[in-house]
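Report on the structure given below.
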Amino acid sequence: MNPAMTQSDQDRHEERGMNDYNFAYLDEQTKRMIRRAILKGLAIPGYQVPFASREMPMPYGWGTGGVQVSAAVLTPEDTFKVIDQGADDTTNAVSIRRFFQKTAGVAVTEATTEASVIQTRHRIPEAALREDQVLVYQVPIPEPLRFLEPSEVETRKMHELEEYGLMHVKLYEDIAQHGAIATAYAYPVKVEGRYVMDPSPIPKFDNPKLEMAAIQLFGAGREQRIYALPPYTQVVSLDFEDYPFEASKADHPCGLCGAEDSYLDELIVDDAGGRLFMCSDTDYCAARQAAGHRGADAAPVLEGMA
Amino acid sequence: MTPLLQVENIAKFYGARIGCTDVSFDLYPGEVMGIVGESGSGKSTLLNTLAGHLTPDRGAVRFDTRADGLRDTVTMSEPERRMLSRTDWAFVHQHARDGLRMNVSAGGNVGERLMAVGARHYGDIRASATDWLGRVEINEDRIDDRPSAFSGGMQQRLQIARNLVTGPRLVFMDEPTGGLDVSVQARLLDLLRGLVREMGLSAIIVTHDLAVVRLLADRLMVMKDGHVVETGLTDQVLDDPQHGYTQLLVSSVLQV
């Protein structure tokens with residue numbers, strides 16, 4: 001991210017013959033406003049910064065917040081990657097990737113290690129991210145207390161006064177009803193011992209990865225909020241002493257690459273209830289398969305094909 | 001003896017209208033004070049002002065805090081005041097719906113105050129919730145039901161359990177028996193009287209039901225048009241009313 005991106009970016013952009021759009025779609029004033037919100041968010045980790053969210057050429061719920069944050073942090077030299085629930089090849093991911101290819105002309109990739117800006121919907125890539133990378137989350141509902149306390153005035157007051165007892169009422173209800181903390185995604189976390197934050201609907205398997213080397217930015221377009229985690233910020237998943245937090249995943253290896261440490265999607269593959277478990281992170285799975293790892297359900301390697 | 005609550009010249013106005021004015025009294029530990037009066041006499045305004053839900057325009061409300069003795073709750077910071085209302089204070093609303101979370105189980109409702117003051121052990125929270133449901137005569141097997149599945153009387157008892165679980169020293173009650181039928185009222189009053197005596201609670205009870213104050217309150221304050229017109233021991237005020245309005249109030253009670 002380069003907060004001081006200037007008119008020269010636009011010049012370089014125009015040199016490449018792309019005059020139809022301003023670089024990365026948004027006008028410079030808007031990007032400046034979003035960068036201010038991002039900087040404030042980084043200064044107060046976990047705090048939801050209001051920003052003047054713009055109409056984007058896609059419906060709310062499709063990542064308008066993430067797209068605006070990506071637009072504000074992209075530079076012409078960046079390499080951009082988009083994942084949707086871990087996959088590079090779903091509609092949402094392909095659309096957003098093409099959007100920035102067209103409006104910013106940036107290089108795109110599917111390889112996690114090659115990307116400098118990664119926009120994600122509901123997953124953190126399996127490969128550990130580095131200090132020179134930025135992870136942008138699409139957030140549907142930034143307020144972790146929303147379904148417990150409907151009043152925004154009251155929830156802001158609760159954040160202000162650190163009154164987070166109610167968050168544990170939700171976890172209590174989980175245990176009372178299901179015998180365990182059944183919240184499996186959007187699992188609430190406490191940032192640096194201060195703000196309780198919704199990590200967006202990532203599976204709780206990903207929660208431990210929130211303490212990472214990369215900058216993490218969260219954008220909620222419809223709700224007009226941006227928040228952020230600077231590198232190596234302390235992020236603790238809420239729990240009870242006698243029901244500690246557990247990062248859970250399906251108890252299987254990946255059927256395609258055999259990985260035992262990755263988050264899995266479950267696919268019904270035939271009418272007889274046959275199931276296939278496979279990595280939700282397509283890039284991770286493909287890279288492992290290319291390196292020769294094979295799972296139980298992988299297509300057999302034909303002689304002479306390789 | 002230090003009073004638990006010291007109210008001095010409290011006044012609350014709604015624009016030019018008087019909510020309540022010139023109210024002063026001391027409440028001592030273990031004492032139950034009743035506030036009676038007709039609708040619009042300012043009793044709920046007074047109660048909400050004392051409990052910190054409304055900011056008074058004049059006067060002081062001093063509470064004997066555990067840490068620093070008497071402190072003015074009007075001028076203390078909001079986090080401190082909210083902390084008091086989660087720990088040393090309790091507020092029982094007339095409508096249980098206002099005081100309960102209707103989409104959270106009975107156990108969660110009782111446990112909320114514990115979790116708000118930092119309890120993080122599920123087993124302990126659940127044990128206190130079970131204990132308190134028992135004390136307000138709600139069957140243990142209803143602990144995971146939502147209050148919306150409870151009768152009006154049970155909701156009111158649940159609200160009381162939820163408020164008393166942190167062991168408050170001062171309870172504000174706004175018409176705690178309003179809207180309940182008489183047999184349920186009687187049992188609720190019995191329960192309240194037992195809890196107040198057993199825990200040594202101080203309470204301020206707002207009601208228009210004179211029978212409730214006769215049962216529960218040691219002292220009585222009669223309000224009319226935002227002013228206190230008569231105060232005294234409950235029996236004394238009810239048996240020998242001095243002010244014209246109090247006489248009217250006492251003689252208006254239907255005899256069965």
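Everything quoted here is computed from the prediction, not taken from an experiment. Reminder, nothing fancy here: chain letters follow the sequence lines and each chain counts from 1.
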Inset, instruction - Could you tell me the separation between the CG atom of A/Leu148 and the CD atom of B/Glu112, rounded to the nearest 0.5 Å? - result: 9.0 Å
Legend entry - Side-chain donor/acceptor of A/Glu173 to backbone N/O of B/Ser105, under 3.5 Å: yes
Legend entry - Leading residue by heavy atom contact count with chain A [cutoff under 4.5 Å; candidates B/Glu78, B/Arg126, B/Arg120]: B/Arg120
Inset, instruction - Count the heavy atoms of every other residue, nucleotide or ligand shown that sit under 6.0 Å from CD of A/Glu246, and state whether that count exceeds 12. - result: no
Inset, instruction - Could you tell me which portion of B/Arg113 (side chain, backbone, both or neither) has an atom closer than 4.5 angstrom to a non-hydrogen atom of chain A? - result: neither
Legend entry - Residue part contacting chain B, namely of A/Gln177, when any heavy atom lies under 4.5 Å: side chain
Inset, instruction - Measure the spacing between CD1 of B/Ile125 and CZ of A/Phe240 and express it to the nearest 0.5 Å. - result: 4.5 Å
Inset, instruction - Return yes when atom CZ of A/Arg130 has more than 12 non-hydrogen atoms of other residues, nucleotides or ligands closer than 6.0 Å, and no otherwise. - result: yes
Legend entry - Neighbours of chain A found in residues 127-146 of chain B - heavy atoms under 4.5 Å: B/Ile143, B/Asp144, B/Arg146
Inset, instruction - Please step through side chain to side chain contact (heavy atoms under 4.5 Å, CB included) for the pair A/Met167 and B/Met115, ending with a clear verdict. - result: CA-CA 9 Å; A/Met167 208 69 245; B/Met115 292 181 246; over 6 Å; no
Inset, instruction - Enumerate by number any residue of residues 87-99 of chain B whose heavy atoms lie under 4.5 Å from heavy atoms of chain A; in the absence of such residues, state 'none'. - result: none
Legend entry - Salt bridge present between A/Glu160 and B/Arg82 (N-O < 4.0 angstrom): no
Inset, instruction - Evaluate whether atom CZ of B/Arg197 has more than 12 neighbouring non-hydrogen atoms of other residues, nucleotides or ligands under 6.0 angstrom away. - result: yes
Inset, instruction - Determine the option with the most heavy-atom pairs under 4.5 angstrom with chain A, choosing from B/Arg101, B/Met83, B/His121. - result: B/His121
Inset, instruction - Please look at A/Leu161 and chain B and tell me whether the side chain, the backbone, both or neither of the residue comes under 4.5 angstrom of a heavy atom of that chain. - result: side chain
Legend entry - B/Tyr14, OH atom: more than 12 neighbouring heavy atoms under 6.0 Å: yes
Inset, instruction - May I ask you to decide if the ring planes of A/Tyr243 and B/Tyr122 are parallel, tilted or perpendicular, using 30° and 60° as cut-offs? - result: perpendicular
Inset, instruction - Identify which of A/Asp242, A/Leu171, A/Val169 forms the greatest number of heavy-atom pairs closer than 4.5 Å to chain B. - result: A/Asp242
Legend entry - Side chain, backbone, both or neither of A/Lys157 within contact of chain B (heavy atoms, under 4.5 Å): side chain
